[in-house]
Amino acid sequence: QVQLVESGGGLVQAGGSLRLSCVASGRTLSTYTIGWFRQAPGQEREFVAVITKSGAYTYYADSVKGRFTVSRDNAKNTVYLQMNSLKPEDTAVYYCAAGSSALPRTTATEYDYWGQGTQVTVSS
């Protein structure tokens with residue numbers, strides 16, 4: 001079992017940047033594919049980005065492609081989500097999730113472990 005803790009959220013103006021971190025404990029992070037999801041008030045949780053176990057493959061939602069970058073440092077048991085050119089519609093609680101599949105899954109139900117989330121608010 002693995003425990004995940006997100007951090008790095010906050011309030012930022014449109015056009016600004018934030019870097020989210022997802023730190024794992026309990027098991028080595030390198031055994032999991034890590035996905036980032038977000039959920040805005042009144043909306044369903046949606047896929048944002050995913051990085052495979054070795055970091056060799058990444059995939060992004062169209063809404064964040066070219067603005068967000070996911071990376072991982074398995075030695076530090078940490079996955080990052082660099083968010084640039086933020087927009088008000090990026091406002092949400094951001095979650096990282098760990099899954100055992102080697103493939104870059106984009107559906108929330110395919111992940112087994114979740115963090116508690118970190119709030120990102122982008123003002124216009």
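Atoms considered below: every heavy atom in the structure, side chains included; atoms not considered: hydrogens, waters and symmetry mates. Owing to the predicted nature of the structure, the values given are computational and were not obtained by experimental measurement.
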Original post:
Where do Val120 and Leu20 land on the side-chain contact (heavy atoms from CB on, under 4.5 Å) test, with the steps shown first?
Top reply: CA-CA 9 Å; Val120 171; Leu20 305 184; 4.1 Å; yes
Original post:
Can you list the steps and then say if Val70 with Tyr59 is a side-chain contact (heavy atoms from CB on, under 4.5 Å)?
Top reply: CA-CA 9 Å; Val70 59; Tyr59 182 74; over 6 Å; no
If we only count heavy atoms from C-beta on, is the [X] to [Y] side-chain gap below 4.5 Å?
{"X": "Thr33", "Y": "Ser100", "value": "no"}
{"X": "Thr91", "Y": "Gln119", "value": "yes"}
{"X": "Ser85", "Y": "Arg67", "value": "yes"}
{"X": "Tyr57", "Y": "Ile51", "value": "no"}
{"X": "Leu81", "Y": "Val48", "value": "yes"}
{"X": "Tyr32", "Y": "Ser101", "value": "no"}
{"X": "Thr118", "Y": "Ser7", "value": "no"}
{"X": "Thr58", "Y": "Val50", "value": "no"}

Closer than 3.5 angstrom, by distance alone: can the side chain of [X] be matched with the main-chain N or O of [Y] as a donor-acceptor pair?
{"X": "Thr107", "Y": "Thr109", "result": "no"}
{"X": "Lys53", "Y": "Leu103", "result": "no"}
{"X": "Ser54", "Y": "Ala56", "result": "yes"}
{"X": "Thr31", "Y": "Leu29", "result": "no"}
{"X": "Gln39", "Y": "Val93", "result": "no"}

Subject >> Those residues that, when tested against Asn74, pass side chain to side chain donor-acceptor pair (under 3.5 Å) (two or more places apart) >> reply: Arg72
Original post:
Would Asn84 and Ser17 count as having a side-chain donor-acceptor pair, cut-off 3.5 Å?
Top reply: yes
Which heavy atom of [X] sits nearest a heavy atom of [Y], and at what distance?
{"X": "Ser124", "Y": "Ala14", "result": "CA-CB, 4.4 Å"}
{"X": "Thr52", "Y": "Ala102", "result": "CG2-O, 3.5 Å"}
{"X": "Asp112", "Y": "Gly99", "result": "OD2-CA, 4.1 Å"}

Subject >> Derivation and outcome, side-chain contact (heavy atoms from CB on, under 4.5 Å), residues Leu18 and Gln82 >> reply: CA-CA 6 Å; Leu18 285 173; Gln82 178 67 43; over 6 Å; no
Subject >> Under the ring pair (Phe, Tyr, Trp, His ring centres under 6.0 Å) test, residues paired with Tyr60 that sit two or more places apart >> reply: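 Partners of Tyr60 by the ring pair (Phe, Tyr, Trp, His ring centres under 6.0 Å) criterion come out as none, since no residue qualifies.
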**OP:** With sequence neighbours left out, write down each residue that passes ring pair (Phe, Tyr, Trp, His ring centres under 6.0 Å) with Phe37, or none if nothing qualifies.
**Re:**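 With sequence neighbours excluded, Phe37 shows a ring pair (Phe, Tyr, Trp, His ring centres under 6.0 Å) to Phe47, Tyr111, Trp114, given in chain and number order.
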Going from [atom1] on [X] to [atom2] on [Y], what distance comes out if it is rounded to the nearest 0.5 angstrom?
{"X": "Asp73", "Y": "Tyr80", "atom1": "CG", "atom2": "OH", "value": "5.0 Å"}
{"X": "Asn77", "Y": "Cys22", "atom1": "CG", "atom2": "SG", "value": "9.5 Å"}
{"X": "Cys96", "Y": "Leu4", "atom1": "SG", "atom2": "CG", "value": "4.5 Å"}

Original post:
Is Lys65 salt-bridged to Asp62, cutoff N-O under 4.0 Å?
Top reply: yes
**OP:** Report the residue from Arg45, Arg38, Gln116 that forms a side-chain contact (heavy atoms from CB on, under 4.5 Å) with Tyr95.
**Re:**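 That would be Arg45.
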Subject >> Derivation of the side-chain contact (heavy atoms from CB on, under 4.5 Å) call for Val12 and Ser123 >> reply: CA-CA 6 Å; Val12 64; Ser123 64; over 6 Å; no
Original post:
Would Trp36 end up clustered with Val23 when hydrophobic side chains under 4.5 Å apart are linked, directly or stepwise?
Top reply: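 No, Trp36 and Val23 fall in different hydrophobic clusters.
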